Chemist: 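Structure provided below as structure tokens; questions to follow.
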Amino acid sequence: MDLTELTENVYEIPQEGEMRAPARVFASEPLLRKMQEEGRTLGQIRNVAALPGIQKYSLVLPDGHLGYGFPIGGVAAVSAEDGVVSPGGIGFDINCGVRVLRTDLDYADVEGHEQELVERLYDLVPCGLGKGGYVDVDREDLDGILEDGIEWMAQAGHARPADLAHCEEEGRLDGDPDAVPDDAKRRGVKQVGSLGSGNHFLEVQRVADIYDDETAEAYGLREDGVVVMIHSGSRGLGHQVCQDYIRRFEKTYPDLVDSLPDRQLVYAPLGDQAAEDYLGAMNAAANFAWANRQAMTQAVREAFLDLFGTDDVELVYDVCHNVAKEETHEVDGEQREVLVHRKGATRAFPAGHPEIPGAYRDVGQPVLLPGSMGTHSYVLAGGERSMDLTFGSTAHGAGRLKSRTQAKKDYEAGDLQQRLRSEGVYVKARSGETVAEEAPGAYKDVDEVVRVSDALGIGTKVARMRPIANVKG
DNA sequence: ATGTCC
């Protein structure tokens, strides 16, 4: 494959064949080599560049790896006028995302209580593939959640005003409950406030390093402060939405499917009823994911009040990793309305952008970037170069290196938990298999991913957190 | 990611 280095950490695959634009890889040489070794990631981003209406270039971020049709860690902006929406460019777990809560506790307050903390959180937050959520809702409530996201949660007494203000899109996109299939609703009604499985986790962390004092202060982060990171998504509901709409698109556009280099790229032209319905359902599933992370926030508040007598547990920010959004971006010197597909990518708007909450507007949007289990996580700030280079986006995590199957062969849950325990990290998991799948060795080096984001100026380092206790599915 | 196969 033809690949040229444009500048440090920027590579371009020139436009050729079916491509309607070039493709770009934002990675260091070692991270690029990992994508090349995997084999298909760069082919996927080249396929994405063939989408109708693609703007500038399709791109993959430093944590990129193989996904369904589109790579995870990929961004594709298409014209809002004559572009398309492709569910594979958003992912099965619609609005999978991360939030960080800060507490008024220091590490010393929690030290010695890790075991009871991890047990309490595990008891309060249903996790793994089972049923049940922290917040009980009926079908009418669910429609409210699908329509209004965290706004509904606030009205029902499950969110504080600052929880709305400190959330991407204030926790609400324009969702259409009627576009969400009944099967998806049936799954979702039991899962408001449930963690899920795989790489989802709820982790108590301490702020170990501050790289940018002013921004950390604006975000309410201080060295040795205790924070909680929640990584989860739209559970069975989002999965069912994605699956049902992929099927509907395949039936609606059979000739298209046959003509694609990969049927997983199936899409619908914006403006078609199928596309409008999918976007309404996707937004509703995004609202559900926000309500889900919000419900778990309430569980965390209950645990901290019980164990430490504090309810000063405030949302720093909440970001989506898997969603498409209509945004305005400069392309060829003009402002254009585009639909930005982000799949395993974080919006990273720079200081001054109008869509950043007032409290953070002078320093840039918080970017929450989890590492792998037992390693550290980061808070970054949206960087000045992100609008120019990556449609206002940066990486979303360490990025998987080994398949789940391979990780299960290579690691043993007991050994991992024991080793992490010796490092002061308490891991409680529903499933040993999940622990093995999520072994740190199955992931790329999060420090290297963050280094590249920082060097590119798309998301710059603010703080690094070390884990204390981790609840997994 | 996912009632990991309606």
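Convention: sequence-line order gives letters A, B, ...; per-chain numbering from 1. From a predicted model like this one, the values you see are computed outputs, not experimental measurements. Both backbone and side-chain heavy atoms feed into the values below; hydrogens, waters and symmetry mates do not.
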Chemist: For a quick check of understanding: with a heavy-atom distance under 4.0 Å over all strands, which category does A:G233 fall into, base, sugar-phosphate or nothing?
Modeler: nothing
Chemist: Whole angstrom is fine here: how far is it from CG in A:L129 over to P in B:dC5?
Modeler: 11 Å
Chemist: Rounded to whole Å, how long is the line connecting atom CG of A:D182 with atom C1' of B:dC6?
Modeler: 16 Å
Chemist: Rounded to the nearest Å, what distance is computed from the OH atom of residue A:Y245 to the P atom of nucleotide B:dT2?
Modeler: 20 Å
Chemist: Partners of A:K461 by side chain to side chain donor-acceptor pair (under 3.5 Å), sequence neighbours excluded?
Modeler: none
Chemist: Side-chain N or O of A:R404 versus OP1/OP2 of B:dT4: is the shortest distance under 4.0 Å?
Modeler: no
Chemist: A:L369 versus A:V379: any side-chain heavy-atom pair under 4.5 Å?
Modeler: no
Chemist: In terms of the nearest nucleotide of DNA chain B, which residue is placed more toward the 5' end: A:R247 or A:E438?
Modeler: A:E438
Chemist: If we count only N and O atoms by modelled type, under 3.5 Å, do the side chains of A:E437 and A:Y411 hold a donor and an acceptor together?
Modeler: no
Chemist: Distance check needed: B:dT4 C1' versus A:Y68 OH, whole Å only.
Modeler: 15 Å
Chemist: If you look at every strand shown and take non-hydrogen atoms under 4.0 Å, does A:S197 touch a base, only sugar-phosphate, or nothing?
Modeler: sugar-phosphate
Chemist: Taking it one step at a time, do A:Y317 and A:Y219 satisfy ring pair (Phe, Tyr, Trp, His ring centres under 6.0 Å)?
Modeler: CA-CA 8 Å; A:Y317 203 59; A:Y219 295 169; 8.0 Å; no
Chemist: What is the separation between atom CD on A:E437 and atom C1' on B:dT4, rounded to the nearest whole Å?
Modeler: 9 Å
Chemist: To the nearest angstrom, how far is A:F92 atom CZ from B:dT4 atom P?
Modeler: 13 Å
Chemist: Over how many whole Å does the gap from A:F288 atom CZ to B:dT2 atom C1' extend?
Modeler: 13 Å
Chemist: So A:R400, base contact, sugar-phosphate only, or nothing? Heavy-atom distance under 4.0 Å.
Modeler: nothing
Chemist: Nearest-Å distance, CD (A:Q240) to C1' (B:dC6)?
Modeler: 10 Å
